[in-house]
Peer 1: 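Would you mind keeping the following structure in view while I ask a few things?
Counting starts at 1 for both ligands and their atoms, in listed order. Start at 1 with the first residue, then count along the sequence.
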Amino acid sequence: MAAAIKIEGLRKTYAGQGASAPKEALKGVDLEIPQGSIFGLLGPNGAGKSTMINILAGLVTKTSGSVNIWGFDQDVNPRQSRAAIGVMPQELNLDPFFTPRAALEVQAGLYGVPKADRRSDEILELVGLTDKAEAYARTLSGGMRRRLLLAKALVHHPQILVLDEPTAGVDIELRQMLWRNVRKLNEERGMTIILTTHYLEEAQEMCDEIAIINHGEVVVRDRTEVLLDRLDAKTLVIVPEAEVGEVSLPKGVEMVRRLHGELAFSYARSNTSAEAVLQAVHAAGISIRDVRTEEADLEDVFVSLTSSKA
Ligand code: ADP
Ligand code: MG
């Protein structure tokens with residue numbers, strides 16, 4: 001499948017302000033995001049998510065590397081690559097004197113959308129701002145401003161929609177509205193969605209694929225179900241009475257020898273039972289002094305992946 005976005009060797013170092021040292025926010029990121037997916041960029045605060053998004057949006061200048069959006073290299077075809085992407089930023093940066101309808105018209109003008117192709121009313125309806133179409137932005141609640149930011153990201157009919165921490169600090173109703181709309185845009189229009197979040201659950205629920213980013217590096221990237229399969233991984237650790245030779249194991253079980261003669265048997269809970277592992281241990285004539293189990297959840301996967309580079 002063709003890539004919606006292809007990033008290679010992307011680096012960003014922010015110049016230090018005053019006495020502060022320069023900050024290397026992205027340390028050579030390679031990432032390919034398939035067309036039509038809902039892709040999650042997951043990582044703790046300060047990981048570099050917004051930096052990456054803002055480079056895609058053309059709001060931050062990269063230090064080096066290449067960014068290709070919908071087949072257009074950002075440096076070679078800046079206009080086309082920008083036209084393919086709509087970004088709902090993390091910051092609420094709205095002009096307080098524009099009404100939602102006026103803000104959408106201005107945005108459409110900036111992107112050169114012809115009058116006949118403008119869909120302001122439809123977009124306001126989609127985000128639930130029809131009633132507020134003529135209200136000044138400064139009179140809108142925080143939730144309504146976020147809806148307007150989403151609307152602005154959609155005016156030029158981009159193939160790719162990027163949402164930077166769309167649900168950080170928003171109420172349940174807005175969160176549900178956002179997810180409904182995101183799913184709808186993805187399913188009905190085939191829009192590629194990229195969202196950043198530091199909520200595991202959210203990424204798990206919404207995304208087909210997830211990249212985990214930490215300290216400016218992608219530490220893992222896989223289909224959500226593959227990442228979740230890691231949760232299926234279980235390890236049975238046995239402390240034997242005496243040294244152990246060869247062990248013949250059931251299919252799907254792997255044995256690793258650890259310190260102090262411990263044996264760690266890993267298997268997938270979905271197709272092997274602890275009982276089957278223990279039977280193999282008995283069959284090998286091993287007598288067990290102690291036994292314990294280890295299992296991961298996504299939180300553990302996340303923590304182990306992100307803390308190793310701290
Ligand atoms: P995230 O969105 O994952 O929380 P950011 O991309 O906002 O991460 O930030 C990554 C790192 O770059 C952080 O250490 C942050 O302090 C730093 N940073 C972000 N923007 C700037 C800036 N304009 N100037 C200097 N440092 C910045
Ligand atoms: Mg951010």
Peer 1: Would K6 and D30 pass as an ion pair if we require N to O under 4.0 Å?
Peer 2: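 Judged by the 4.0 Å cut-off on N to carboxylate O distance, K6 and D30 do not form a salt bridge.
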Peer 1: Taking atom types as modelled, find out whether T51 and Y14 have a side-chain donor-acceptor pair closer than 3.5 angstrom.
Peer 2: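 A pair is found: one side chain offers a donor N or O, the other an acceptor, under 3.5 Å apart.
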Peer 1: Name the residues in contact with ligand 1, where contact means a heavy atom under 4.0 Å away: which are they?
Peer 2: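 Within 4.0 Å of ligand 1, the protein residues are Y14, K23, A25, P44, N45, G46, A47, G48, K49, S50, T51.
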Peer 1: Please, which pairs that meet side chain to side chain donor-acceptor pair (under 3.5 Å) have at least one residue in residues 179-188, sequence neighbours excluded?
Peer 2: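 Sorted result for residues 179-188: empty, none.
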Peer 1: Return the set of residues passing side chain to side chain donor-acceptor pair (under 3.5 Å) with Q159 (not counting sequence neighbours), or none when no residue passes.
Peer 2: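 Listed in chain order: nothing, the list is empty.
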Peer 1: For R257 and V244, indicate whether the former's side chain and the latter's backbone hold a donor-acceptor pair under 3.5 Å.
Peer 2: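 Yes, because the side chain of R257 sits within donor-acceptor range (under 3.5 Å) of the backbone of V244.
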Peer 1: Decide, yes or no, whether a salt bridge links E209 with R223 under the criterion of side-chain N to carboxylate O below 4.0 Å.
Peer 2: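 Here E209 pairs with R223 in a salt bridge, since their nearest N and O are under 4.0 Å apart.
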Peer 1: Check this for me: does any side-chain nitrogen of one of K12 and E24 sit under 4.0 Å from a carboxylate oxygen of the other?
Peer 2: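 Looking at K12 and E24, the cut-off is not met.
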Peer 1: Can you list, by chain and residue number, the protein N, O or S atoms under 2.8 Å from the Mg ion (ligand 2)?
Peer 2: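 Result, waters dropped: S50 OG, Q90 OE1.
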Peer 1: Just by distance, no angles: are the side chains of Q204 and T224 close enough, under 3.5 Å, to form a donor-acceptor pair?
Peer 2: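 Short answer, no.
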Peer 1: Determine whether a donor-acceptor pair (N or O, by modelled atom type, separation under 3.5 Å) exists between the side chain of H157 and the backbone of R118.
Peer 2: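 No, the answer is negative, given that no donor and acceptor are paired below the 3.5 Å cut-off.
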